[in-house]
Each structure stands twice: as C-alpha cells, then as structure tokens.
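This report concerns only the one structure given below.
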Protein chains: 2
Amino acid sequence: MDKELPIQQVAAKTGLSIHTLRYYERLGLMASIHRLPNGHRRYSEDDLEWIDFLKCLRSTAMPVAEMQRFAEITRQGESTVRERRELLEAHQHTLSLALQEMQQTLAIIEAKIAHYRSLERKHHDAEKIVDEQQSTMKESKR
Amino acid sequence: MDKELPIQQVAAKTGLSIHTLRYYERLGLMASIHRLPNGHRRYSEDDLEWIDFLKCLRSTAMPVAEMQRFAEITRQGESTVRERRELLEAHQHTLSLALQEMQQTLAIIEAKIAHYRSLERKHHDAEKIVDEQQSTMKESKR
DNA sequence: TCTTGACCTAGAGTGTACTCTAGGTTGTAT
DNA sequence: ATACAACCTAGAGTACACTCTAGGTCAAGA
C-alpha cells in the first residue's frame, strides 16, 4: 500500500489549506511532490510526515525563512546533518525559553483571575448584606 | 515619590518602542496617560504596571482586539469584573492548550536532535574505521 | 457534446501588528 | 538668537504569513 493522496485529502488530513500546501511548496519547504502526467500532485506517506514536521516547526513559531533553510539543507543530504541538528537545537532553546515565559505569564494571569474572584465574592457578600437589611426592614414594617 | 517618567524612559524600562507605546495608546489599550502642559506624556507607576500586564497578554499571543476589549471593560470599572475574569479565563485556557502543544513539539524536536546525533556518531565511527584502515595500509607499506 | 469538479499557475490581495516619516512645537544650553 | 534634543500628531509604509482570484487544463458522467 503506497497510496498517494491528492492535495484535497492532504489538506483534510494535515489541517493546512490547499492554498498553504501549494504556497509551502513554492517556498521550497517541500521538495519534489510526485505529479501525475496531468500535473496533479500526489503526496506520499513521506510527504505527509514531512508536512507534519513542518507543522511542528510553524506551530512553535519558527519563521518561514528558517524553515526554508532547514528544508534546503535537508535536501542536500547527509553532509548537513550537523547543521540541521544545530538549527533544531537553536529552535529548541528558543522554544524552552518561550515555554518558561508562558508558564510565568500563566501564573500571573491565574493570580489576576483569583483576584477578580475575590472581588466578585466581596461584591456578592455586600449584596447579601443589603438583602438582609432589606428583609429586616420588611420585618420591621409588619 | 510619585516620579512620572517620559516616554523614552518607559520605552527603555518596558522594552516596547516609543512608537509602540503611542500606538497602544491610540488603540485604546491605555487610558489617560497624564500630560504635561506642553502635551508630553508622563507615565505613572500604575501605567507601568498596566503596560507590564499588556506585555504579558501580547507575549502570549492575545490578539490586540481582545486586549482592546479587556482595556475597555477595565475602564468601565467594577461592574465588569466578571467579564474580565471570563476573558482572562478564556485566555488561560488557550494558553494552557498552547503550552501542552509546545511541550509535545519540544519532545518531537528533541527526538529529532537525538536522531541526528546518532547519525553523526555513526558517521564519525565510519571515519575512524577508514582512518584505521589507512594506518593499517601505511603500516603494510613499511 | 456539454457540464461539472478537481486540479493547475502566476500573481494580486488581506489581516495583523507594528514601525517609520513628515512636519511641527517646546524648553534648555551656547 | 540659535541650535539641539525630546517630544507631539496623523498618516504612510513594512514584514510576515498566508489566502484568494483569474484564467486555464483535463477526465468522467448525463
């Protein structure tokens, strides 16, 4: 089973739009997608895997230019393994810093949410007191 | 000590550019920065705190439109505490999903790096073998 | 035969978030 | 008096990553 998929199905599977798939190919992010005699693309399993990896890189905010570099040296073969590793290590570093920052920010946001909750509670309590006063007043009216 | 800072120093302290500070104000992300009689801005401690929080939101990819909403309802005062909390909770949710995804991606990238390392090791070993063969050949030449 | 639908290319258009420019004012130092 | 530095506004320009359009090909079904 080496079923090759048309672009539409690849879009469905990967979540990238057809436009984006063609755009990425134009940018040189994907080498040599197989074509039918009529020019239509057929994507292999390997292509899908590569696209998944591209998605990993993009979803973690690697700039497209860097992905182009990565794709280019990957195409150049074995001799660039070291450069590829270094590129990924740089990204890994960026990423783990970003992760740390996000965690800190998340904590700040959680604190703010907690603060709002306590404000809401106070507000709620204040209303209850008003209610009680009102019912006391009603009682005294009787 | 209620020293109010000119825009230049705020830029230096916050890491936002002077342009961005003015731009954010135009967008309504910051209410009522105090002005000198000549129209120059003076930022208070509170302003700086608010800017820091804006930075938190932006650095975690909250869209500017959402930040505008948040700023707007914050200006409206107490009555919007609940909506503010809900807005932040939504962001918190988005954020923790993003965090998870990043962690997964990080793992994938680490695996790829490890893979490259092992390729490099093999390559290195292969060279060593070639070296040994060469020195053996040299020896046999003697 | 004609229509439909999936595909193709090259290039134009869009949304987001800045970032910069032009032209002007003000306050201090020489 | 004049030069300068820091500030102001309104609006134009830019970078990035898509996203869409126009105009066309091709194969299968009514």
Side-chain angles (χ1 to χ4, degrees), chain A residues 3-44 47-48 51-72 91 94 98 105, chain B residues 3-44 47-48 51 53-72 91 94 98 101 105:
Chain A
K3 38 174 194 255
E4 297 202 306
L5 301 177
I7 196 163
Q8 188 178 217
Q9 286 182 35
V10 176
K13 278 210 178 190
T14 61
L16 297 180
S17 74
I18 291 178
H19 293 307
T20 301
L21 286 168
R22 291 202 276 245
Y23 166 68
Y24 277 7
E25 193 177 340
R26 253 193 289 182
L27 291 184
L29 294 183
M30 301 186 293
S32 64
I33 302 298
H34 174 228
R35 301 288 185 121
L36 297 185
N38 64 11
H40 291 198
R41 293 169 180 83
R42 282 299 118 104
Y43 292 81
S44 69
D47 294 333
L48 290 191
I51 290 169
D52 271 346
F53 191 62
L54 289 183
K55 273 176 60 191
C56 277
L57 299 182
R58 266 309 292 148
S59 74
T60 51
M62 181 184 282
V64 165
E66 213 166 313
M67 290 169 59
Q68 282 178 311
R69 178 79 194 134
F70 186 76
E72 191 192 321
H91 186 56
T94 308
T105 300
Chain B
K3 39 175 193 253
E4 298 203 302
L5 302 177
I7 196 163
Q8 187 178 218
Q9 286 183 34
V10 176
K13 277 209 176 188
T14 61
L16 298 180
S17 74
I18 290 178
H19 293 307
T20 301
L21 285 168
R22 292 202 275 244
Y23 167 67
Y24 277 8
E25 193 178 338
R26 254 193 289 183
L27 291 184
L29 293 183
M30 301 185 295
S32 64
I33 301 299
H34 175 227
R35 301 289 185 122
L36 298 184
N38 63 11
H40 291 198
R41 294 170 180 82
R42 281 300 117 103
Y43 293 80
S44 70
D47 293 334
L48 290 191
I51 290 169
F53 191 61
L54 288 182
K55 275 176 60 190
C56 276
L57 298 182
R58 265 310 292 148
S59 75
T60 50
M62 181 184 283
V64 165
E66 213 166 313
M67 290 169 60
Q68 282 177 309
R69 177 82 193 132
F70 186 75
E72 190 192 322
H91 186 55
T94 308
E101 209 203 306
T105 301

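To find a chain, count down the sequence lines: A is the first, B the second, and so on, and within it residues start at 1.
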Candidates [options] - which lies nearest the side chain of [X]:
X     : options               : answer
A/P6  : C/dT19, D/dA6, C/dC7  : C/dC7
A/H40 : C/dC7, C/dT9, D/dT19  : C/dC7
A/H19 : D/dC20, C/dC20, D/dC8 : D/dC20
A/N38 : C/dA17, D/dC7, D/dC26 : D/dC26

May I ask you to evaluate whether [X] reaches the phosphate of [N], defined as a side-chain N or O under 4.0 Å from OP1 or OP2?
X     : N      : value
A/R58 : D/dC18 : yes
A/Y24 : D/dC18 : yes
B/R41 : D/dC8  : yes
B/Y23 : C/dC20 : no

Between the side chain of [X] and the main-chain N/O of [Y], is any donor-acceptor distance below 3.5 Å?
X     : Y     : value
B/Q68 : B/G28 : no
B/E25 : B/A31 : no
B/R58 : B/M62 : yes

Base, sugar-phosphate, or nothing: which does [X] touch, judged by heavy atoms less than 4.0 Å apart?
X     : answer
B/R22 : base
B/R35 : sugar-phosphate
B/I7  : sugar-phosphate
B/R26 : base

Q. Mapping A/I18 and B/T20 to their closest nucleotides on DNA chain C, which lands nearer the 5' end?
A.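 Here A/I18 is the residue nearer the 5' end.
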
**Q.** Side-chain donor-acceptor contact under 3.5 Å, B/S44 with B/H34
**A.** no

(Q) Just the rounded figure in Å: distance from P of C/dT26 to CG of B/L36. (A) 13 Å

Q.
Whole angstroms only, please: what is the CG-P distance between B/L27 and D/dT9?
A.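 It works out to 14 Å between those atoms.
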
Q | Side-chain heavy atoms of A/H40 within contact of A/R42, under 4.5 Å | A |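 They are in side-chain contact.
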
